Amino acid sequence: MNRKYFDRDISKLTSSPFGIFVDQAGYTPDSIKTAVMPFECSEFTVIDEDEKTVFSGKTKLFGYDESSGDTVYSADLSQLTAKGTYRVCADGRTSARFTISDDVYNKVLHDTSKAFYFLRCGCGLDEKYAGAYHHLPCHCDPAVLWEDKSTFIDVKGGWHDAGDYGRYVTAGACACAHLLYAYKLFPKVFDRLKLNIPEKGMPDILSEIKYELEWLIKMQRSDGGVYHKVTTMLHAPFVMPEDDKEQLIIFPVSSMATADFAAAAALAGSIYKNFDTDFADRLINAAEKSVTWLDSNPDFIGFENPEGCNTGGYYEKDDYSNRYWAYAEMYSLTGERKYHDKMKALMSKGFPLTELGYWEIGGLGSLAYILTDRPKDEQLYKQITDAFSGHGEHLKGLSDRCGYGTAMSKEYYGWGSNMLVMKNAMIFAINDLICGDKESKKYARRQLDYLLGTNALGISYVTGTGEYRTNNPHLRPAFADGIDECIPGMVAGGPNGRPADPYAEEVIPKDTPPMKCYADDAASYSLNEITIYWNSPAVFVIAYLSDK
Ligand code: 9MR
Ligand code: ZN
């Protein structure tokens with residue numbers, strides 16, 4: 001394929017060939033299974049691969065759904081528990097194929113986890129591990145300090161952030177933390193998960209996260225401050241990573257990056273202790289150095305792109321939640337009271353206690369506190385668990401009011417909305433596991449169903465999963481490699497009611513309902529990019545739902 005850079009034929013952008021929407025990865029036998037029909041119908045059937053009817057029932061009118069603009073009917077297939085592959089039919093229309101079995105999540109868990117390997121920077125991807133998507137080493141040269149053009153530093157490694165080739169500390173720390181908490185809560189799921197990556201000696205997911213953590217450590221300055229990002233001055237054109245030869249620049253230290261790094265390193269230190277003590281010691285020392293820096297730099301040091309630079313900014317308006325997270329992890333790691341007190345003092349700043357990143361990130365600090373075996377202040381513990389319960393109840397209300405079961409109001413569909421859908425599912429998971437609200441699980445599953453096809457476009461937003469799926473993300477190597485089938489396991493940003501790039505404006509008619517503001521268009525970064533921190537909450541959620 002020799003496509004010219006974004007010389008695209010928008011008439012080729014597809015819409016679902018199916019009229020009934022289901023989770024295209026499938027359902028475990030015991031789960032609630034809901035198919036959604038955005039058209040009037042009173043009855044439905046389920047057929048197997050020989051087109052034999054195996055189940056039938058009456059549909060239920062949900063009514064008008066604001067986010068999609070659809071009047072929605074649903075079919076409850078929960079009583080169908082026999083393993084097999086099926087389609088739902090109603091009024092002459094059918095759904096995509098779906099499976100009922102105990103291991104429906106295996107492929108999508110594998111693929112979304114392996115996606116991080118495909119984003120590795122500073123190394124080549126060997127055919128042995130990457131198959132057709134192998135490529136030569138990229139971004140290996142030392143990077144120059146923005147503040148001192150005579151200093152070059154080795155910051156090779158880590159994952160490309162997204163569709164672009166930048167590497168950003170807050171984004172990376174956030175993605176690592178989602179994955180580390182997934183491992184911490186569902187270790188058995190990951191003990192079984194084989195990713196076919198070069199490293200051995202610990203669960204593959206931990207080897208993969210280590211690849212990013214090693215890079216994060218390199219981003220720490222000798223005084224403990226952590227550089228915000230390393231990127232070229234401008235985003236590369238749509239070339240393979242090894243063909244992006246522009247000078248890499250290390251941009252100044254920010255307090256958000258320093259705090260997020262300290263937090264992720266402390267969390268990681270406690271986990272890697274059991275697998276690689278030298279690495280764990282390095283993480284713990286690095287975390288301590290960065291919190292010491294935070295102590296002596298109490299003021300917010302934000303980040304703004306210097307003039308002429310158009311790579312990601314990862315702006316934040318303050319660093320309270322980042323510091324809170326850092327002190328919570330340090331308390332969990334060391335048990336030292338001073339960290340507990342600092343964490344507690346920050347709570348008066350009024351940031352949300354349950355947000356899971358990348359900007360407001362206090363939820364990870366709250367999780368650290370809830371999960372630690374260290375002594376806990378009863379009132380604080382209650383305040384935090386109440387915050388999670390309150391957030392969960394709010395989301396349940398939203399889910400109940402949505403024809404697709406999505407815990408989103410129509411304003412929530414912004415850039416990378418699929419991350420929010422997955423973070424909402426994480427909130428449900430936390431409420432189930434930690435706050436004892438078992439009912440939350442079915443809501444979590446509904447969010448994953450949405451990601452994998454039970455949505456107003458009937459599309460699976462994960463490359464490689466589902467009969468009708470996203471396949472043309474805004475992801476440089478996926479475009480430049482000339483391979484028609486995208487690298488599997490990439491979570492697309494998804495519908496964005498506030499499209500923010502010229503390509504999106506071209507393909508999304510005005511007044512399109514937010515849940516439908518999406519196109520599988522490689523050009524559109526505000527609809528169809530991928531990022532490490534959109535994949536990481538998906539991995540968490542799929543691992544949670546795979547846990548037996
Ligand atoms: O994910 C980010 C989204 O929340 C912001 O609205 C958007 C615009 O600032 O930027 C997104 O982050 C991008 C980052 O800046 C650079 N790498 C790709 C990210 C995903 O689009
Ligand atoms: Zn690279």
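Values below: all heavy atoms of this structure, side chains included; hydrogens, waters and symmetry mates excluded. Keep in mind that this is a model prediction, so the values were computed, not measured. Whatever order the structure lists them in is the order used to number ligands and atoms, beginning at 1.
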**OP:** Would you mind running through ligand 1 and noting each atom that sits below 4.0 Å from a heavy atom of Thr531?
**Re:** 19 (C), 20 (C)

Original post:
Would Thr112 and Asn535 count as a side-chain hydrogen bond (donor to acceptor under 3.5 Å, both in side chains) if you check the C-alpha gap in whole Å, the side-chain angles of each, and the deciding distance to 0.1 Å?
Top reply: CA-CA 6 Å; Thr112 48; Asn535 259 73; 5.1 Å; no

Subject >> Non-neighbouring partners of Tyr272 that pass ring pair (Phe, Tyr, Trp, His ring centres under 6.0 Å), sequence neighbours left out >> reply: Phe279

Original post:
Looking at atom 12 (O) of ligand 1, what's its closest protein heavy atom, distance included?
Top reply: Tyr533 OH, 3.2 Å

Subject >> Ring centers of Tyr168, Tyr358 separated by less than 6.0 Å >> reply: no

Original post:
Are side-chain heavy atoms of Met256 and Phe300 found at a separation under 4.5 Å?
Top reply: yes

Original post:
Ring centres of His178 and Phe540 under 6.0 Å apart?
Top reply: no

Subject >> Any residue meeting ring pair (Phe, Tyr, Trp, His ring centres under 6.0 Å) with Trp215, in chain and number order, not counting sequence neighbours >> reply: none

Subject >> Contact (N/O only, under 3.5 Å) between Asp161 and ligand 1 >> reply: yes

Subject >> Sub-4.0 Å protein heavy atom near atom 9 (O) of ligand 1 >> reply: no

Original post:
Of all the non-hydrogen atoms in the protein, which one sits nearest to atom 18 (C) of ligand 1, and at what distance?
Top reply: Glu529 OE2, 3.1 Å

Subject >> Protein heavy atom at shortest distance from atom 13 (C) of ligand 1 >> reply: Tyr314 OH, 3.7 Å

Subject >> Protein heavy atom at shortest distance from atom 15 (O) of ligand 1 >> reply: Gly312 CA, 3.1 Å

Original post:
Charged N to carboxylate O below 4.0 Å: is that the case for Glu360 and Lys317?
Top reply: yes

Subject >> Trace of the side chain to side chain contact (heavy atoms under 4.5 Å, CB included) decision for Ser399 with Gln447 >> reply: CA-CA 9 Å; Ser399 169; Gln447 310 316 303; 4.0 Å; yes

Original post:
Under a 4.0 Å N-O cut-off, is there an ion pair linking Arg167 with Glu212?
Top reply: no

**OP:** Pick one of side chain, backbone, both or neither for how Trp534 approaches ligand 1, counting any non-hydrogen atom pair under 4.0 Å.
**Re:** side chain

Original post:
Counting heavy atoms only, which part of Tyr358 comes closer than 4.0 Å to ligand 1: side chain, backbone, both or neither?
Top reply: side chain

Subject >> Any N/O pair Trp415/ligand 1 closer than 3.5 Å >> reply: yes

**OP:** Could you say whether the N/O atoms of Asp164 and ligand 1 ever approach to under 3.5 Å?
**Re:** yes

Original post:
Can you name the N/O/S atom of His139 that is nearest the Zn ion (ligand 2)?
Top reply: ND1

**OP:** Taking only heavy atoms of Ala162 into account, list the atoms of ligand 1 that are under 4.0 Å away from them.
**Re:** 17 (N), 18 (C)

Subject >> Metal-centred angle, the Zn ion (ligand 2) as apex - NE2 of His160, SG of Cys121, 10° resolution >> reply: 100°

